[in-house]
Amino acid sequence: MAAPRVVIVGAGPAGVRCAQALVAAGWRPTVVDESRRDGGQIYRRQPEGFTRPARALYGSEAPKAQALHASFDALRPHIDHRSDTLAWHAQPGRLHVVHQGVADVIRWDALVICTGATDRLMPVPGWQLAGCYSLGAAQVALKSQACAVGERLVFAGSGPLLYLVAAQHVKAGAKVAAVLDTAPWQASLRALPDMAARPGVLLKGLGLLATLARHRVPVHRGVRLMAIDGEANTGVHGIRFSTPDGQAHTLACDAVAMGHHLRAESQLADLSGCAFQFDEAAQQWLPQADADGRSSVTGVYLAGDGLRLQGADAAEAAGRLAALAVLQDLGHPVDDGERQRLRDELAVMARFHQGLATAFPWPAEAAAKLSDDTVVCRCEGITAGQLRDTVRGRGACELNRVKAFSRLGMGRCQGRYCGLAGAEVIAHATGLPVADIGRLRAQGPLKPIGMAVQPAPLPTTTTHTAHQEPSA
Amino acid sequence: MSPMKADVIVLGGGFMGAATAFFLRQRGRSVILLERGRVGQQASGTNFGNVRRQARHLLQLPLANRSRALWGRLPQLIGEDLEFMPSGHLRLVYDPQRVAMLEQHARGCAEHGLPLQLFSQAALRKRFPYLGPDVLAGSYSPEDGHANPRLAAPGFARAAARLGAHVIEQAEVSHAAKVGEDFEVHTTDGRVFAAPALQVSVGAWAQRFAQAFGEPVDMSTHGPQMGVTEPVPYGLIEVLGASSERVEEILYLRQIPRGNIIFGGGPRGPASIETNRAAYVPDRLFNQVQQLQRLVPALGALQVIRTWSGVEGYLPDDRPVMGPSATTPGLFYAFGFCGHGFQLGPGVGDVMAELIDRGHTTTPIEPFLMQRFAEVGQGGNQTTVAAR
């Protein structure tokens with residue numbers, strides 16, 4: 001019997017550890033990744049020829065990043081690595097990919113989806129101006145190209161990434177005008193008991209604060225973001241916010257990087273037919289899976305932030321755990337002890353991340369307060385007022401219905417950046433809980449795909465027919 | 001539980017049901033419209049949005065003409081325009097043998113009051129310089145155009161509701177039967193509705209009801225393969241449709257003022273009346289983008305951002321079922337529009353309302369009567385029937 005065909009999507013912490021466990025069992029998985037190099041978002045590798053030291057790129061996480069990269073380099077001869085390759089659609093047993101304009105179909109016996117997460121964004125009036133970035137985008141510019149997105153930066157939003165990215169910029173020599181956190185100090189105190197589950201990580205977080213303090217970066221907590229000011233042709237000039245004492249502030253800046261923790265990149269799971277459930281802690285719909293990452297669809301597995309938003313360390317454990325599930329389900333013996341150890345590890349991570357959710361809550365109420373002329377969907381230029389009109393004028397109270405009537409989420413990003421905030425606007429306008437508003441159904445292609453796309457010449461290397469009976 | 005009563009119950013809040021409800025209210029008839037999910041959510045909301053009369057079977061032209069006149073009365077008719085644009089429709093051929101077909105079709109359309117303009121390759125090149133070199137000839141219908149299917153059925157349903165129709169969404173029918181003079185309709189959540197007239201306009205799901213009323217039809221379900229590009233400056237005014245004997249060469253596209261180019265065509269995809277879903281088949285993209293560039297080479301630089309499909313019902317002779325039941329007085333059908341019902345929507349609603357209200361219609365619909373399948377099967381219980 002030929003070794004089962006396992007396809008892993010994503011070469012971040014989850015994908016790499018999954019591949020490693022499969023290779024250790026003597027299998028040769030295919031690893032599909034959109035980036036040119038491995039590492040995912042968190043441990044993104046700089047392009048070949050760039051020589052900044054790991055410590056500068058990854059700070060306190062440098063040893064983990066280097067360990068992951070070393071593991072992947074050792075795996076290379078034993079895997080089919082499809083880098084710079086977009087998984088653009090999925091069917092049962094078939095993954096549709098495109099690499100440099102050439103499409104291919106990779107057949108699988110097991111599919112492990114390790115697609116990670118992107119920034120969760122809450123609109124601020126003016127956020128459509130040039131000079132507004134997600135935290136992740138600012139980080140990509142810094143890690144991959146050693147560029148800051150502006151000369152005088154403001155980091156706004158909430159969540160651990162806010163402080164991490166701000167501190168990374170400060171260390172790289174960028175001028176950071178302020179860090180504006182919508183979460184109040186008191187929330188952090190409430191979260192301490194859960195966050196104490198991982199004292200080391202908690203300490204690293206305090207270290208980020210110390211870095212910011214050392215560089216005299218003002219950190220405001222419990223703020224309300226009022227507006228990003230600027231002009232269409234010159235971009236961002238400044239940001240306005242109010243502090244808990246009710247005072248209004250204005251800061252000059254030429255770039256704002258924003259985000260409120262993360263949203264799972266779950267479209268591939270959706271196209272694969274996986275069932276979803278609303279996660280109260282994360283305040284978003286996430287794919288369903290058992291403790292080891294088995295989705296509701298036979299043969300489809302999930303690991304990492306694309307399943308549960310628990311960060312890179314959890315993703316490494318979840319990737320291994322998903323590999324064990326694949327091995328077991330396809331008839332390969334697995335180590336029960338290791339499986340239990342990984343499950344225990346993940347339980348600690350889960351508690352810590354519950355703490356993070358308490359410390360840095362998603363400011364759902366901000367959506368209710370958005371003025372009618374605030375743009376919610378940046379791709380299509382759809383305002384909060386237009387969304388409210390679909391509720392009041394057209395009776396829409398479900399997100400896909402709102403999409404059909406208003407074009408929310410119909411642009412290039414396919415709702416990645418507006419879907420969650422749009423749901424909050426609709427929830428407030430209808431008076432329904434946001435879970436009842438639903439989630440945007442994924443539609444292929446997962447990302448825009450060029451018209452010049454060509455199907456791969458047949459036969460492809462991945463659609464072996466050697467074991468098939470000759471047909472009459 | 002005493003039933004909620006009206007003159008007419010319309011089953012199905014697709015374009016046909018919503019438009020029928022609207023025109024019945026215009027005629028002063030009380031209406032209950034029952035929709036399993038949300039109005040216009042299935043084929044009515046997922047199709048291409050062609051408001052096209054040319055390239056139809058000539059038998060359909062009186063109905064299509066009546067419908068086109070109603071499209072022209074938007075937004076006055078229902079209070080919104082459904083983004084209808086009488087932009088012109090251009091039907092194009094690659095095969096020299098189909099040029100004669102275009103000419104013959106133009107003569108037939110002219111007899112039905114639809115003037116078409118024929119274009120040679122040279123004339124096409126001059127008037128529509130964006131077309132690719134493979135295009136040999138074309139037929140232009142200046143008064144045809146396109147509209148937004150996502151808005152159409154909801155727009156008619158809201159207008160019907162404003163006129164007093166009871167539009168009830170999330171009302172899944174479990175059981176429909178004729179009890180004495182009235183039809184009784186039960187929903188899965190226990191509600192009961194009654195009326196002396198019942199219209200079945202539930203698209204691809206109609207065979208269950210037709211079967212229950214003793215009129216089995218051989219329906220199949222398919223999904224159109226739809227896609228849309230990123231937006232680019234608006235400039236492609238006409239709706240384009242490539243006509244061919246080869247299904248792979250069939251492709252239609254339109255640009256909306258927002259700038260996106262919406263396209264569809266080629267072999268249809270799978271659709272299910274069990275899951276209520278239809279799939280876009282990823283492998284179809286390659287042929288579609290190839291055919292798009294063949295038709296309009298400049299589109300080759302664009303990116304496709306989204307694809308979709310919808311559950312459409314087809315009859316074996318590629319014609320809809322429309323008109324009164326042959327077995328059950330008071331029962332009417334309007335379903336199975338075989339992937340070409342969008343343009344007909346307002347006309348079907350108007351004709352069905354006339355038929356239900358007056359007992360006859362001035363628009364010939366004989367080719368679409370359920371009766372044509374009468375020899376296919378007999379039986380069924382006319383007085384107590386289960387619809388599912």
Side-chain angles (χ1 to χ4, degrees), chain A residues 86-92 94-98 101-106 267 271 273 379-382 390 392-398 400-416 438 440-458, chain B residues 37-41 45-46 79-80 83 148-155 157-158 161 167 169-170 226-231 256 258-263 269-270 275 277 279-293 296-309:
Chain A
L86 170 71
W88 70 274
H89 218 309
Q91 289 177 294
R94 306 172 87 216
L95 184 73
H96 293 263
V97 298
V98 59
V102 179
D104 198 0
V105 175
I106 308 178
Q267 288 89 343
L271 288 181
C379 299
E380 293 298 306
I382 309 300
T390 65
R392 285 163 200 160
R394 301 186 188 214
C397 54
E398 188 272 331
N400 294 288
R401 194 72 168 158
V402 171
K403 175 181 174 179
F405 289 160
S406 72
R407 305 187 60 80
L408 172 89
M410 282 201 174
R412 287 182 179 90
C413 92
Q414 291 294 296
R416 280 175 175 79
L440 289 175
R441 276 192 299 272
Q443 290 174 267
L446 282 176
K447 291 194 178 166
I449 186 169
M451 268 258 193
V453 64
Q454 301 282 335
L458 293 173
Chain B
R38 300 284 179 193
V39 165
Q41 208 176 20
T46 54
E80 53 187 297
E83 297 177 9
N148 186 339
R150 298 191 306 271
L151 307 182
R158 272 194 302 280
V167 177
E169 294 185 312
Q170 294 185 307
M226 303 302 311
V228 64
T229 71
E230 62 189 319
I256 56 172
R258 161 70 186 134
N260 310 73
I261 290 163
I262 299 161
F263 61 87
T275 63
R277 308 291 296 173
Y280 180 88
V281 181
D283 310 74
R284 301 278 163 77
L285 184 72
F286 312 115
N287 175 56
Q288 285 188 322
V289 296
Q290 202 183 333
Q291 296 298 333
L292 266 169
Q293 294 171 80
V296 183
L299 298 183
L302 298 185
Q303 294 196 311
V304 176
I305 62 173
R306 191 169 60 253
T307 59
W308 68 93
S309 186

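None of these values were measured; they are calculated from a predicted model. Per chain, numbering begins at 1; letters A, B, ... match sequence-line order. Quick note: numbers below take in every heavy atom, side chains included, and nothing from hydrogens, waters or symmetry partners.
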Which atoms of [X] are under 4.5 Å from chain A, going by heavy atoms: the side chain, the backbone, both sets, or neither?
| X | value |
| --- | --- |
| B/Pro231 | both |
| B/Glu80 | side chain |
| B/Val167 | neither |
| B/Glu169 | side chain |

*Evaluate the ring planes of B/Phe286 and A/Trp88, with Trp represented by its six-membered ring, and classify them as parallel (under 30°), tilted (30 to 60°) or perpendicular (over 60°).*
perpendicular
*asked:* Please classify the contact of A/Cys379 with chain B as side chain, backbone, both or neither, using a heavy-atom distance under 4.5 Å.
replied: backbone
*Verify whether one side chain among A/Arg407 and B/Asn260 offers a donor that lies under 3.5 Å from an acceptor in the other.*
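Yes - a donor-acceptor pair under 3.5 Å links their side chains.
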*Closest contact, heavy atoms only, A/Arg401 versus B/Pro154*: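 Taking A/Arg401 first and B/Pro154 second, the nearest heavy atoms are NH2-CG, 4.0 Å.
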*Which heavy-atom pair separates A/His89 from B/Tyr280 by the least distance, and what is that distance?*
NE2-O, 4.3 Å
Answer yes or no: is there a side-chain heavy-atom contact under 4.5 Å between [X] and [Y]?
| X | Y | answer |
| --- | --- | --- |
| B/Ile305 | A/Met410 | no |
| B/Leu151 | A/Arg394 | yes |
| B/Arg38 | A/Cys397 | yes |
| B/Arg258 | A/Glu380 | yes |
| A/Arg94 | B/Pro282 | no |

_Just so I understand: if I count every heavy-atom pair under 4.5 Å between each of A/Ala103, A/Gly450, A/Gly444, A/Ala452 and chain B, which residue has the most?_
A/Gly444
*asked:* I'd like to verify something: which residue of B/Val289, B/Leu285, B/Leu299 has the highest number of heavy-atom pairs under 4.5 Å with chain A?
replied: B/Val289
*Check side-chain contact (heavy atoms from CB on, under 4.5 Å) between B/Gln303 and all other residues, then give those that pass, not counting sequence neighbours.*
A/Pro448, B/Glu230
_Could you measure the distance from the OG1 atom of B/Thr229 to the CE atom of A/Met451? Nearest 0.5 Å is fine._
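If I round to the nearest 0.5 Å, the distance is 5.5 Å.
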